[in-house]
Number of protein chains: 2
Amino acid sequence: MSENTKKNLQEAGLKSTLPRLKIMEILQSGKHLSAEEIYKYLIDNSYDVGLATVYRVLTQFENAGIVIKHSFESSKSVYELNDSDHHDHMVCLESGKIIEFHDEIIESRQEEIAKKHGYDLIDHNMVLYVKKKK
Amino acid sequence: MSENTKKNLQEAGLKSTLPRLKIMEILQSGKHLSAEEIYKYLIDNSYDVGLATVYRVLTQFENAGIVIKHSFESSKSVYELNDSDHHDHMVCLESGKIIEFHDEIIESRQEEIAKKHGYDLIDHNMVLYVKKKK
DNA sequence: ATGCTTGCAAACGGTTTGCACGTGT
DNA sequence: ACACGTGCAAACCGTTTGCAAGCAT
């Protein structure tokens with residue numbers, strides 16, 4: 001797996017350095033993590049990185065299409081690996097839990113709406129804010 | 001109209017002060033404006049406010065349900081009057097133009113999705129990023 | 001050997017806050 | 001008169017950047 005990661009990085013024109021490999025590895029968890037969370041995790045596991053490096057690496061990964069950046073809450077951004085099959089998110093306002101989902105009906109409807117207004121749909125951002133049903 | 005505005009403010013427990021009335025008036029334009037844009041507009045029209053006041057007023061308005069805050073681009077937020085009939089937004093990546101729309105199919109689909117996962121839909125955020133059809 | 005990467009600390013940009021003064025009711 | 005609102009400047013917080021040193025190829 002690490003060999004694979006190395007290749008992925010090189011294909012993206014990025015030298016396979018330790019910070020990059022470590023960050024990639026953390027992202028494999030499938031969680032939605034902030035730069036700071038990743039940074040803290042590395043420090044706690046006694047790998048010394050600079051927070052700036054974490055930001056730089058994440059930005060490079062984003063540009064390379066390796067990760068996707070979200071801003072569910074206004075201030076800090078979170079990152080997740082781009083598994084390349086698109087999904088949207090639901091955030092529980094009570095627990096903060098993030099649920100991923102995909103809905104073809106909504107997707108195609110979005111296309112139609114853009115078209116109807118004379119535009120091509122390039123991308124979209126959709127987050128549902130929810131609470132556990134009682 | 002200004003009398004009405006005054007009443008609205010008071011109902012929200014906010015004294016009807018000049019900064020608040022002026023900001024309310026600017027928002028009537030129906031545009032999506034940032035705090036800084038509102039601030040500049042006031043200064044340019046020779047009404048001296050502090051930027052901090054603009055932020056404070058907008059936050060109070062948001063809490064009172066008078067305005068809605070969006071973050072279409074990551075950094076600055078924009079505000080619009082809450083006309084209380086809900087709509088979503090489409091942003092043109094080339095011109096920056098913002099188009100409002102409402103789609104019942106998507107709305108009800110969102111409800112269903114939340115339910116299907118055992119949640120109640122409280123709110124949502126949806127932005128389509130588009131480009132003019134060529 | 002070269003140029004990309006890194007860590008650090010300083011800068012950044014949007015937003016918030018403490019404080020003393022001003023204003024609406 | 002009183003509490004609430006305001007302006008200013010300083011603080012804030014997440015993120016970015018300049019620089020000199022370090023590392024992958």
Side-chain angles (χ1 to χ4, degrees), chain A residues 2-3 5-24 26 32-43 45-64 66-79, chain B residues 2-3 5-26 32-64 66-79:
Chain A
S2 190
E3 270 313 307
T5 304
K6 195 167 165 179
K7 196 161 40 164
N8 289 344
L9 285 178
Q10 284 164 347
E11 278 165 9
L14 299 170
K15 284 182 183 160
S16 91
T17 64
L18 243 189
R20 285 179 185 149
L21 292 169
K22 291 264 180 196
I23 290 172
M24 191 72 105
I26 292 172
H32 299 77
L33 300 166
S34 68
E36 192 120 16
E37 284 169 333
I38 293 173
Y39 168 70
K40 286 210 179 100
Y41 182 88
L42 287 169
I43 298 292
N45 290 57
S46 54
Y47 178 69
D48 272 315
V49 228
L51 178 54
T53 299
V54 176
Y55 275 108
R56 271 188 291 232
V57 168
L58 288 171
T59 306
Q60 292 158 347
F61 284 6
E62 192 194 3
N63 293 337
I66 297 172
V67 308
I68 297 178
K69 180 182 182 181
H70 298 284
S71 7
F72 297 143
E73 328 164 45
S74 46
S75 45
K76 35 175 65 176
S77 302
V78 296
Y79 300 80
Chain B
S2 189
E3 269 314 305
T5 304
K6 194 167 165 179
K7 195 162 38 166
N8 289 343
L9 286 178
Q10 286 165 345
E11 279 165 7
L14 300 170
K15 283 183 185 162
S16 91
T17 65
L18 244 190
R20 286 177 184 152
L21 291 169
K22 291 265 180 196
I23 291 171
M24 191 71 106
E25 195 185 315
I26 292 172
H32 300 76
L33 300 166
S34 68
E36 191 120 16
E37 283 168 334
I38 293 172
Y39 168 70
K40 286 210 180 101
Y41 182 89
L42 288 169
I43 298 291
D44 290 353
N45 289 57
S46 53
Y47 178 68
D48 273 314
V49 227
L51 179 53
T53 300
V54 175
Y55 275 107
R56 272 187 290 232
V57 168
L58 288 171
T59 305
Q60 291 158 346
F61 283 7
E62 192 194 3
N63 293 337
I66 297 171
V67 307
I68 297 177
K69 180 182 182 179
H70 298 284
S71 8
F72 296 143
E73 329 163 47
S74 45
S75 45
K76 35 176 64 176
S77 302
V78 294
Y79 300 80

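All heavy atoms count here, side chains included; hydrogens, waters and symmetry mates do not. Given the structure is predicted, the values throughout are model-derived calculations rather than measurements. Throughout, a chain's letter reflects where its sequence line sits, starting with A, and its residues are numbered from 1.
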Going by heavy atoms closer than 4.0 Å, what residues in residues 48-57 of chain B are next to DNA chain C? B:Leu51, B:Ala52, B:Tyr55, B:Arg56
A:Ile23 has an atom CD1; how far is it from atom C1' of C:dT5, in whole Å? 12 Å
In whole angstroms, the gap separating P of D:dC8 from OH of B:Tyr39 amounts to 7 Å
Rounded at 0.5 Å granularity, tell me how far CD1 in A:Ile23 sits from CG in A:Leu18. 10.5 Å
Does a nitrogen or oxygen in the side chain of B:Ser16 sit under 4.0 Å from OP1 or OP2 of D:dG5? no
Heavy-atom pair with the smallest gap, counting every atom of A:Ile43 and A:Val49: CD1-O, 3.8 Å
Run the numbers on A:Leu9 and A:Phe61 for side-chain contact (heavy atoms from CB on, under 4.5 Å), then give the verdict. CA-CA 9 Å; A:Leu9 285 178; A:Phe61 284 6; 3.5 Å; yes
Measure from NZ on B:Lys7 to C1' on C:dG24 and round the result to the nearest Å. 19 Å
Rounded to whole angstroms, how far apart are CZ on B:Arg20 and P on D:dG7? 11 Å
Please determine whether a side-chain nitrogen or oxygen atom of B:Gln10 lies at a distance below 4.0 Å from atom OP1 or OP2 of C:dT25. yes
Picking from D:dG14, C:dT15, D:dA24, the nucleotide nearest the side-chain atoms of A:Lys15 would be D:dA24
Nearest heavy atom decides the nucleotide; on that basis, is B:Ser34 or B:Thr17 closer to the 5' end of DNA chain C? B:Ser34
Using a cut-off of 4.0 Å on non-hydrogen atoms, how would the nucleic acid contact of A:Leu14 be classed: base, sugar-phosphate, or nothing? sugar-phosphate
Value in whole Å for how far the P atom of D:dT16 lies from CD of A:Glu62: 9 Å
Would you check if B:Met24 and B:Ile66 make a side-chain contact, meaning some heavy-atom pair closer than 4.5 Å? yes
Is the backbone N or O of A:Val57 less than 3.5 Å from a side-chain atom of A:Arg20, with the two atoms forming a donor-acceptor pair by type? no
Could you state the CD-C1' distance from A:Glu36 to D:dC12, rounded to the nearest angstrom? 14 Å
What's the closest nucleotide to the B:Ser77 side chain, out of D:dC4, C:dT15, C:dT16? C:dT15
What do you reckon, is CZ of A:Phe72 surrounded by more than 12 foreign heavy atoms closer than 6.0 Å? yes
What integer distance in Å separates A:Met24:CE from C:dT5:P? 13 Å
Minimum heavy-atom distance between A:Leu42 and A:Lys22, given as atom pair plus value: CD2-CB, 3.8 Å
Whole-Å distance separating the NZ atom of B:Lys40 from the P atom of C:dG13: 12 Å
